[in-house]
Amino acid sequence: MKKIQSTCNYCAIDCNLDFYVEDNRVVKAVPTKGYPVNDGFCCIKGLSLDKQQKTVKPNSLPKIRQEDGSFRTVSWEEGFKHVADKLKELQEKYGQESVAGISTGQLTLEEFAIFGHVMRNFLQANVDGNTRLCMATAVVAHKQSYGFDAPGYTLQDLELSDTIIFIGSNPVVAHPILWGRVRQNQVPGHKVIVIDPRKSETAMNADYWYGLKWRSDLLLLYAVANQLIEKDYLDHEFIQEHTEKFQEFRDFVKDYTLERATEGTGLSREQILELVELIHQGKRVSFWWTMGVNQGYEAVRTAQAIINLALMTGNIGKPGTGANSITGQCNAMGSRAYSNTAVFYGGGDFANPARRERIAQVLGVDEEMLAKKPTKTYNQIIEGINAGEIKGLWILCTNPRHSWVNNETFASAAKKLELFVVQDIYDSIESAEDCTVFFPVVPGLKKEGTYINLERRLSAMRPVLARGENEISDYEAVLGVGKALGMGDALKGWETPRDCFNLMRECSRNMPCDITGITWEALENSHGIQWPYPEGREEELSGDQRRLYEDGNFFTPSKKAQFLFEEVRENPLPRTEEFPYVLNTGRGSVGQWHTQSRTREVKFVEDVSVKKAYLYMNTDLARENQIQEMDEIKVFSANGQSAVFAVKVTDHVQYEELYAPIHYIECNKLTPSIYDPYSKEPSYKATPVRFSKG
Ligand SMILES: Nc1nc2c(c(=O)[nH]1)N[C@H]1C(S)=C(S)[C@@H](COP(=O)(O)OP(=O)(O)OC[C@H]3O[C@@H](n4cnc5c(=O)[nH]c(N)nc54)[C@H](O)[C@@H]3O)O[C@H]1N2
Ligand SMILES: Nc1nc2c(c(=O)[nH]1)N[C@H]1C(S)=C(S)[C@@H](COP(=O)(O)OP(=O)(O)OC[C@H]3O[C@@H](n4cnc5c(=O)[nH]c(N)nc54)[C@H](O)[C@@H]3O)O[C@H]1N2
Ligand code: SF4
Ligand SMILES: [Mo]
């Protein structure tokens with residue numbers, strides 16, 4: 001029996017598991033003991049990685065749609081040539097930006113990198129990722145406040161903190177291993193606090209729950225900041241030495257009074273003051289946020305309001321502290337730094353001459369070949385298709401027909417495309433319905449590459465199972481199209497994922513996320529390695545738990561963190577008499593993953609999962625409407641669409657709130673095309689709706 005250590009490619013924790021393999025079959029999967037992230041534990045999804053049997057169809061080959069609508073199976077070479085020819089043809093006919101890609105946070109770093117090279121460099125096209133739906137807000141907030149997209153914490157901070165505050169975050173369901181770290185916290189009297197309109201599974205297990213009104217976080221956070229200032233609960237030295245614009249912030253938040261906050265958040269005066277005291281009394285306060293913050297119409301400023309609280313109280317860069325964004329997908333961090341979409345490989349702007357020169361030198365190409373500007377954003381790509389400007393789309397490892405906000409807009413876009421390549425491990429996903437080309441690729445168990453987790457830890461994915469005839473990886477599929485495009489020498493040094501990793505290491509040199517000290521081999525059977533890890537400093541950086549900002553220096557030109565703030569916005573889509581309820585959305589259960597293409601195959605998850613779209617409704621509201629458990633209702637959204645949901649009755653949502661798990665396509669039929677102005681992340685979590693029975 002062979003033992004292979006590899007990385008779970010579901011959530012951003014990036015647990016490692018030891019796979020025991022015999023006759024090319026996984027006999028058992030055991031979470032890696034001693035791995036600093038998950039030390040011998042993991043969740044049901046990681047334990048079921050080997051259950052994705054339907055993906056391993058032998059002899060899977062590309063399919064090309066024919067004029068009569070049927071598919072013709074072709075060789076990989078023909079598939080590559082077809083896509084390459086079509087991409088070139090569309091660009092010649094309609095211009096360079098008439099083709100685009102949508103990528104993901106769930107592939108390997110090397111796969112993002114090569115897709116970025118083919119699409120963004122060689123073709124000068126736009127590629128955005130599903131990370132826009134997820135982490136874009138945190139990215140912009142970090143960049144503006146810290147000077148670089150650099151979450152500073154290490155997971156051990158959860159064990160060292162005495163006051164752990166989760167804002168719009170439900171780790172009991174979404175990051176169970178992270179929640180396990182909270183449970184390992186031995187600090188006497190430590191407190192867990194949850195800010196979430198819904199009494200989430202995490203709220204149920206917390207010491208304090210603040211069930212505010214949806215989208216009122218910014219108001220609450222500014223009012224809390226104002227109280228901390230009024231009571232002089234500040235770390236003056238830290239503010240003075242390591243931050244900028246505090247005076248302006250102090251003046252700004254004066255208007256955010258307790259009265260205003262109680263009215264807008266629905267929390268009582270006592271609750272807000274209690275929260276202020278909890279923050280003040282904590283010696284090591286840590287703030288953790290996820291999608292309840294990132295997915296809103298004033299999300300970047302909300303994330304920065306959290307950062308501001310950490311800065312003003314000096315809770316940053318020390319053990320057990322921080323304003324910590326929790327990442328969603330297994331390699332969202334890798335895509336942020338190495339996809340060549342919003343920033344260059346290893347970070348830095350496309351317009352920065354020094355970065356251009358360096359990247360061109362590492363890749364051995366002319367500077368002219370490099371992408372010249374950040375990508376068009378996801379919403380611009382979908383709008384561009386619907387407007388007839390974008391004619392070709394290549395998506396990989398994402399299922400936007402289901403997950404995109406106001407998803408009927410994707411359905412209409414898909415029908416307009418002349419070339420629509422879907423690259424996935426399942427051809428049954430909703431997004432493949434209208435594709436013109438399908439590229440079947442192997443799942444994570446059959447490939448190699450690098451992942452970066454939420455605390456900046458790189459880890460190795462290594463092939464657990466051997467591949468069958470014709471089975472290829474995402475890396476090889478993209479490389480194949482690149483060659484068919486005639487990229488020639490521009491693909492020198494990109495032959496294998498390992499070669500690509502070496503290029504990316506060089507691109508990161510002297511950047512905040514420098515990984516030049518990490519080798520492909522060093523990641524194998526390792527504890528993972530957190531960035532930064534520059535060459536020459538390996539010994540000094542040998543620890544398994546490293547955090548950033550310990551010296552109080554940030555990545556801005558002045559090395560100081562920025563207080564950033566802006567007046568609370570008016571809700572662009574408020575509730576009305578016609579739409580008096582609000583639809584909240586998010587994860588449903590530990591076993592279900594997003595659009596369910598993968599977890600539907602896990603029998604013990606599927607056996608206990610509801611088979612149709614459902615939502616949670618407050619007990620009183622259900623009673624008033626004579627709605628019983630699992631009755632069906634029709635929900636009408638302010639976006640003009642409607643869908644049928646079964647009702648689960650609960651006390652854990654507010655009277656005006658309905659909560660729909662995202663694992664059913666109906667959920668995003670109802671969400672509106674509204675985005676944060678800076679990050680362009682969709683506002684997924686608060687749609688005005690009404691409903692009727694039957
Ligand atoms: N089992 C499972 N785990 C997953 C995933 C999965 O699909 N399944 N997906 C992964 C990914 S990609 C991600 S991004 C993460 C997401 O992880 P989380 O963000 O923790 O999960 P969500 O359920 O989307 O949202 C978190 C909470 O935000 C709350 N919320 C809604 N509106 C507001 C608001 O106005 N203010 C506040 N304060 N809170 C609000 C919701 O009620 C919800 O409880 O999970 C990851 N882990
Ligand atoms: N209403 C609402 N909508 C949301 C959210 C929300 O909270 N509320 N959350 C948003 C967030 S945070 C996210 S991250 C998105 C997620 O949305 P998606 O990315 O669309 O969801 P997934 O189901 O993870 O899609 C991944 C796809 O990749 C395929 N796949 C798996 N492994 C491989 C591989 O190795 N190669 C290839 N090529 N394919 C593979 C899977 O079969 C699946 O089809 O949803 C967003 N949508
Ligand atoms: S916690 Fe996340 S990384 Fe760990 S096994 Fe579960 S899904 Fe995989
Ligand atoms: Mo996500």
Side-chain angles (χ1 to χ4, degrees), residues 137 163 165-170 191-200 202-204 206-231 233 249 252-280 285 287-310 312-313 323 565-575 580-584 586 618 651-659 676 683-688:
T137 290
T163 310
I165 307 180
F166 288 108
I167 309 174
S169 186
N170 188 14
K191 298 177 182 73
V192 179
I193 298 159
V194 171
I195 301 175
D196 192 316
R198 200 169 62 96
K199 191 164 186 189
S200 67
T202 308
M204 289 177 222
D207 302 301
Y208 299 83
W209 167 50
Y210 297 106
L212 79 181
K213 294 274 172 227
W214 39 93
R215 303 286 72 129
S216 65
D217 300 70
L218 192 56
L219 184 56
L220 173 68
L221 295 164
Y222 285 158
V224 167
N226 190 22
Q227 289 301 312
L228 289 168
I229 292 168
E230 281 193 3
K231 293 177 193 298
Y233 291 168
F249 181 60
F252 167 81
V253 292
K254 277 206 177 90
D255 289 343
Y256 289 85
T257 58
L258 277 177
E259 290 66 36
R260 220 176 134 185
T262 49
E263 201 186 304
T265 64
L267 298 175
S268 68
R269 218 184 146 80
E270 291 67 36
Q271 281 178 299
I272 300 175
L273 289 171
E274 180 185 58
L275 177 60
V276 169
E277 290 303 323
L278 286 166
I279 295 172
H280 173 58
V285 183
F287 301 85
W288 306 80
W289 85 82
T290 320
M291 293 307 126
V293 169
N294 281 356
Q295 298 170 337
Y297 58 80
E298 52 186 359
V300 169
R301 293 295 177 249
T302 307
Q304 287 167 333
I306 300 172
I307 292 173
N308 294 347
L309 291 185
M312 66 202 283
T313 55
F565 48 88
E566 187 175 318
E567 294 293 352
V568 164
R569 272 167 201 260
E570 233 174 83
N571 189 335
L573 195 62
R575 287 186 297 141
Y581 305 101
V582 67
L583 181 75
N584 181 2
N618 180 277
D651 287 330
H652 297 156
V653 296
Q654 299 187 30
Y655 180 83
E656 298 105 327
E657 179 191 22
L658 305 168
Y659 179 77
D676 176 87
S683 183
Y684 273 122
K685 291 220 177 321
T687 311

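- When every heavy atom of Val293 is checked against every heavy atom of Ala299, the shortest pair comes out as O-CB, 3.2 Å.
- In this structure a side-chain-to-backbone donor-acceptor pair under 3.5 Å is present from Arg260 to Asp255.
- We find the CE-NE2 distance between Met204 and His652 to be 4.0 Å, quoted to the nearest 0.5 Å.
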Requested in this report: Under the side chain to side chain contact (heavy atoms under 4.5 Å, CB included) rule, what do Lys231 and His280 come out as? Steps first, then yes or no, please.
Outcome: CA-CA 10 Å; Lys231 293 177 193 298; His280 173 58; over 6 Å; no
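- You'll find the side chain of Tyr233 reaches within 4.5 Å of the side chain of Val276, heavy atoms only.
- Here the side chains of Tyr684 and Met291 are not in contact, with every heavy-atom distance at 4.5 Å or above.
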Query raised in the report: Taking it one step at a time, do Tyr210 and Leu275 satisfy side chain to side chain contact (heavy atoms under 4.5 Å, CB included)?
Result: CA-CA 9 Å; Tyr210 297 106; Leu275 177 60; 3.9 Å; yes
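- Taking 4.5 Å as the limit, every side-chain heavy atom of Asp651 sits out of range of all side-chain heavy atoms of Lys199.
- A donor-acceptor pair under 3.5 Å is absent between the side-chain atoms of Glu298 and the main chain of Val568, judged by distance alone.
- Looking only at side-chain heavy atoms (C-beta outward), Val285 and Thr313 stay at 4.5 Å or farther from each other.
- Nearest heavy atom pair, residue Glu657 against residue Asn584, reads OE2-ND2, 2.9 Å.
- Interatomic distance, CG of Leu219 versus OG1 of Thr257, reported as 8.5 Å (0.5 Å rounding).
- Side-chain contact annotation: Asp196 with Trp209, donor-acceptor N/O pair under 3.5 Å absent.
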Query raised in the report: For Gln654 and Lys213, what are the C-alpha separation, side-chain angles and deciding distance, and is it a side chain to side chain contact (heavy atoms under 4.5 Å, CB included)?
Result: CA-CA 9 Å; Gln654 299 187 30; Lys213 294 274 172 227; 3.3 Å; yes
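- Rounded to the nearest 0.5 Å, atoms CG (Leu220) and CD1 (Ile167) are 8.0 Å apart.
- Summarising the geometry of Pro574 relative to Pro688, their closest heavy-atom pair is O-CG, 3.5 Å, with the distance given to 0.1 Å.
- Closest heavy-atom contact between Ser268 and Thr262: C-CG2, 3.7 Å.
- Interatomic distance, CG of Asp676 versus CG of Asn294, reported as 9.5 Å (0.5 Å rounding).
- Across Ser216 and Gly264, no two heavy atoms sit closer than the pair CB-O, 3.5 Å.
- Between the side chain of Asn170 and the backbone N or O of Ser200 there is no donor-acceptor pair closer than 3.5 Å.
- Shown here for Lys685 and Gly586, the closest heavy-atom pair between the two residues is NZ-CA, 3.9 Å.
- Side chain to side chain, Glu567 and Tyr256 meet the donor-acceptor criterion of an N or O pair below 3.5 Å.
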Query raised in the report: What's the verdict on side chain to side chain contact (heavy atoms under 4.5 Å, CB included) for Leu658 and Val653, showing C-alpha distance, side-chain angles and the deciding distance?
Result: CA-CA 7 Å; Leu658 305 168; Val653 296; over 6 Å; no
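- Checking Ser169 against Thr290 by side-chain atom types alone, a donor-acceptor pair falls below 3.5 Å.
- Looking at Gln271 and Tyr208, their side chains never bring a donor and an acceptor atom within 3.5 Å of each other.
- Side-chain contact check for Ile165 versus Leu278: every heavy-atom pair is 4.5 Å or farther apart.
- Between Ile193 and Asp207, the closest side-chain pair of non-hydrogen atoms is not below 4.5 Å.
- Taking the six-membered ring where the residue is Trp, Phe252 and Tyr222 present perpendicular rings, their angle passing 60° and hence far from 30°.
- Shown here is Glu259, whose CD atom has more than 12 heavy atoms of other residues, nucleotides or ligands within 6.0 Å.
- A distance of 9.0 Å separates CG in Leu221 from CG in Asn308, rounded to the nearest 0.5 Å.
- One finds the CH2 atom of Trp289 at 5.5 Å from the CD1 atom of Ile306 (value rounded to the nearest 0.5 Å).
- Gln227 meets the side-chain hydrogen bond (donor to acceptor under 3.5 Å, both in side chains) test with no other residue; sequence neighbours excluded.
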